[in-house]
Amino acid sequence: MMSTLTSFDETEGPDGTHKSENVQDRIPSLKEVYSEQSPLVDKTLYQTINLPQNISFGCKNKQYRTQYLATLIVTIGGFIMGTTLGWTSPAGPMMAHGQYGFPITDDDISWIASCMPLGAMLGCPFMGGLVNKLGRKSLMIMLTIPALLGWAMIIWADSVTMICIGRLFNGFASGSYSVIVPQYTAEIADKEIRGTLGTYFQLQVFSGILFTYVIGSYLDVFGLSIACAIVPAVYFCLMFLVPESPIFYLTKGNIIKARWSLKYFRRPFGQVDQELITMQDSLAKTEREKVPIMKAFQTTPAKRGLFLGLGVMVFMQFTGCNTVIFYTTTIFNASGSTISSNVSTVIVGIMAVLSTYVSTLVVDKLGRKILLLYSVIAMGICTFLIGGFFYAKDSNYDVSSIGFIPLLSLCVFIVLFSIGFGPIPWMLMGEIFPPQIKGIASSIVCMANWFFVFLATKFFSLLVSTIYLYNTFWLYTLVSVLGTFFVVFIVPETKGKTMEEIQLLLGA
């Protein structure tokens, strides 16, 4: 008879390793790990372990402390992505004014900005194949190498080509983090706080963007780039403080390290036996039902998950978020505001960060679907009003009395986007895919998202010159209307549900 989990406590070392020399090279079934007489095995249904009645809610919050801390550390990958996204906003005018010592045209700056999403598209498919082979933690550490290499090329660039290559490296790291970090966060989180932790990635992205806006107001392009390069170096050191995902250890058949990892995330109570049984049984079921990848994508949950993931990314990018942020200065000036461009972008960045933080507080209370619905409706109204203002201005109407409309619409747009369609699509990506295809499906969705970012960034100016600015905003309004129907009829509510329950919700 093999050891039960209670005997693991007696044989595991302080570092989570096992003193026995017998190492499993596959995921064993429940009967192989637990005896039929084991009191840890519930022969009926897996149930949530109830805490003793004398344990207060405050203690329960302490139980989540390690999950919050680990998530704050790993989502610095989102901060790195944010610095990469936000760098071109303050750096663009600096490059145009010759700070590099060689000429950089507006078209060059457009390509420098667009190289980042192109690099991200390259990073996504690589991660889909490696995340289950090398592990989430190892990949997040290794990705600091292309991030640092990219910033080094940007800092010491002697041509536009060198800057573009550096942006490709930075984009590769950013796109890869957008695949791995949400997956890791979803795997370590209790279902009660999984939504909250899932929004931390976008919170870090906006924090990274705000970081570049603030630093770019005080430093030249070289100082800004050096400040951005420090972040992945710090991330490299901090990542050694968090353990690997217990799910990854289970996929490698290492029950001991999986239990040690799960106990770390469930401190101080360490009640992990029932949860570990559930995780292992789910993975064992996945292994038994393993099919060729193309066949796996033909299942109903896989198709619905992929359609849902691609859909939220489409509406995330084409409801006008990039345009509104890009035209921040124009909107501020059109409203008659005397605030400088640097200050206006910092204000927008602060609003985005604070609003995303609000999302972390309410997403597990209100739910994903209702926040997405409020978000897309408000964004549609805001782009409609901004478009109407620019139409009236281009038609030579007196808009002095309604100068507050574009400014107010901009603020509401940023706030509601940051609460709903900013963070929630990334969080859903870690929840909706079946285990058989999670890595590849997440890569597909991320790659599509970065392709949408490239289209929105590169061809926005062409769209404005073709159909004018006001029609462009009204086009975003139309997309928001379609997005409203998508949220109402397609997006499921995943609040408070386990991964298995979400798959059942998608038709498993």
Side-chain angles (χ1 to χ4, degrees), residues 70-71 73-87 114-154 164-188 198 200-202 204-205 207-209 228-229 231-240 242 244-245 247-248 309-310 313 316-317 423 425-430 433 437-454:
T71 302
I73 291 175
V74 299
T75 53
I76 293 175
F79 193 98
I80 294 171
M81 176 176 146
T83 58
T84 307
L85 282 167
W87 180 83
S114 302
C115 279
M116 185 269 174
L118 288 179
M121 288 174 59
L122 296 175
C124 293
F126 277 97
M127 293 307 107
L130 294 176
V131 69
N132 286 328
K133 294 180 180 178
L134 300 181
R136 291 77 163 127
K137 176 181 175 178
S138 298
L139 280 175
M140 285 187 279
I141 292 174
M142 287 189 286
L143 284 169
T144 58
I145 297 174
L148 288 169
L149 180 60
W151 286 118
M153 295 185 72
I154 290 171
C164 287
I165 295 174
R167 292 281 293 170
L168 286 172
F169 276 113
N170 284 342
F172 179 90
S174 299
S176 301
Y177 282 129
S178 69
V179 175
I180 304 170
V181 174
Q183 183 173 340
Y184 178 93
T185 304
E187 289 177 351
I188 69 169
Y200 276 29
F201 182 76
Q202 187 66 26
Q204 292 274 31
V205 172
S207 298
I209 294 173
C228 293
V231 180
V234 173
Y235 187 52
F236 177 86
C237 300
L238 291 177
M239 277 303 299
F240 288 97
V242 299
E244 179 57 87
S245 160
I247 295 291
F248 173 72
L310 291 171
M313 290 302 180
M316 177 184 182
Q317 297 302 333
W426 297 109
M427 182 197 64
L428 284 176
M429 196 175 67
F433 296 121
I437 65 166
K438 179 170 281 191
I440 295 177
S442 297
S443 299
I444 292 172
V445 171
C446 282
M447 187 164 58
N449 172 71
W450 289 112
F451 177 66
F452 301 149
V453 173
F454 171 75

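What you see is a predicted model, and the numbers here were worked out from it, not measured in a lab.
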ask   = Going through the checks in order, is the side-chain hydrogen bond (donor to acceptor under 3.5 Å, both in side chains) test met by Thr83 and Trp151?
value = CA-CA 11 Å; Thr83 58; Trp151 286 118; 4.7 Å; no
task = State whether the side chain of Tyr177 and the backbone N or O of Pro182 hold a donor-acceptor pair below 3.5 Å, judged by distance alone.
result =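 No.
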message = Between Gln317 and Val453 (side chain of the first, backbone of the second, donor and acceptor by atom type, cut-off under 3.5 Å), is there such a pair?
response =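 No.
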For a 4.5 angstrom cut-off between non-hydrogen side-chain atoms, does [X] reach [Y]?
| X | Y | value |
| --- | --- | --- |
| Met116 | Asn170 | no |
| Tyr235 | Ile80 | yes |
| Phe452 | Pro117 | no |
| Phe236 | Ile141 | yes |

task = Run the numbers on Ile73 and Phe240 for side chain to side chain contact (heavy atoms under 4.5 Å, CB included), then give the verdict.
result = CA-CA 10 Å; Ile73 291 175; Phe240 288 97; over 6 Å; no
How far does [atom1] of [X] sit from [atom2] of [Y], to the nearest 0.5 angstrom?
| X | Y | atom1 | atom2 | value |
| --- | --- | --- | --- | --- |
| Met447 | Ser178 | CE | OG | 11.0 Å |
| Trp87 | Ile209 | CH2 | CD1 | 15.0 Å |
| Met140 | Thr75 | CE | OG1 | 10.0 Å |
| Met121 | Ser443 | CE | OG | 12.5 Å |
| Phe248 | Gln183 | CZ | CD | 11.0 Å |
| Ile188 | Arg136 | CD1 | CZ | 11.5 Å |

inquiry  = Please evaluate residues Met81 and Val181 with respect to the criterion side chain to side chain contact (heavy atoms under 4.5 Å, CB included), reporting the C-alpha separation (whole Å), side-chain torsions for both, the decisive distance (0.1 Å), and the verdict.
reply    = CA-CA 11 Å; Met81 176 176 146; Val181 174; over 6 Å; no
query = What is the minimum heavy-atom distance between Trp450 and Leu85, and which atoms define it?
reply =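 Result for this residue pair: CZ3-CD2, 4.0 Å.
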ask   = Crowded around Phe79 CZ? As in, over 12 foreign heavy atoms under 6.0 Å?
value =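 Yes.
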task = Go through the steps to decide whether Leu168 and Phe172 satisfy the test side chain to side chain contact (heavy atoms under 4.5 Å, CB included), and finish with yes or no.
result = CA-CA 6 Å; Leu168 286 172; Phe172 179 90; over 6 Å; no
request  = Kindly indicate, with the supporting measurements, whether the criterion side chain to side chain contact (heavy atoms under 4.5 Å, CB included) is fulfilled by Leu143 and Ile180.
outcome  = CA-CA 11 Å; Leu143 284 169; Ile180 304 170; 3.8 Å; yes
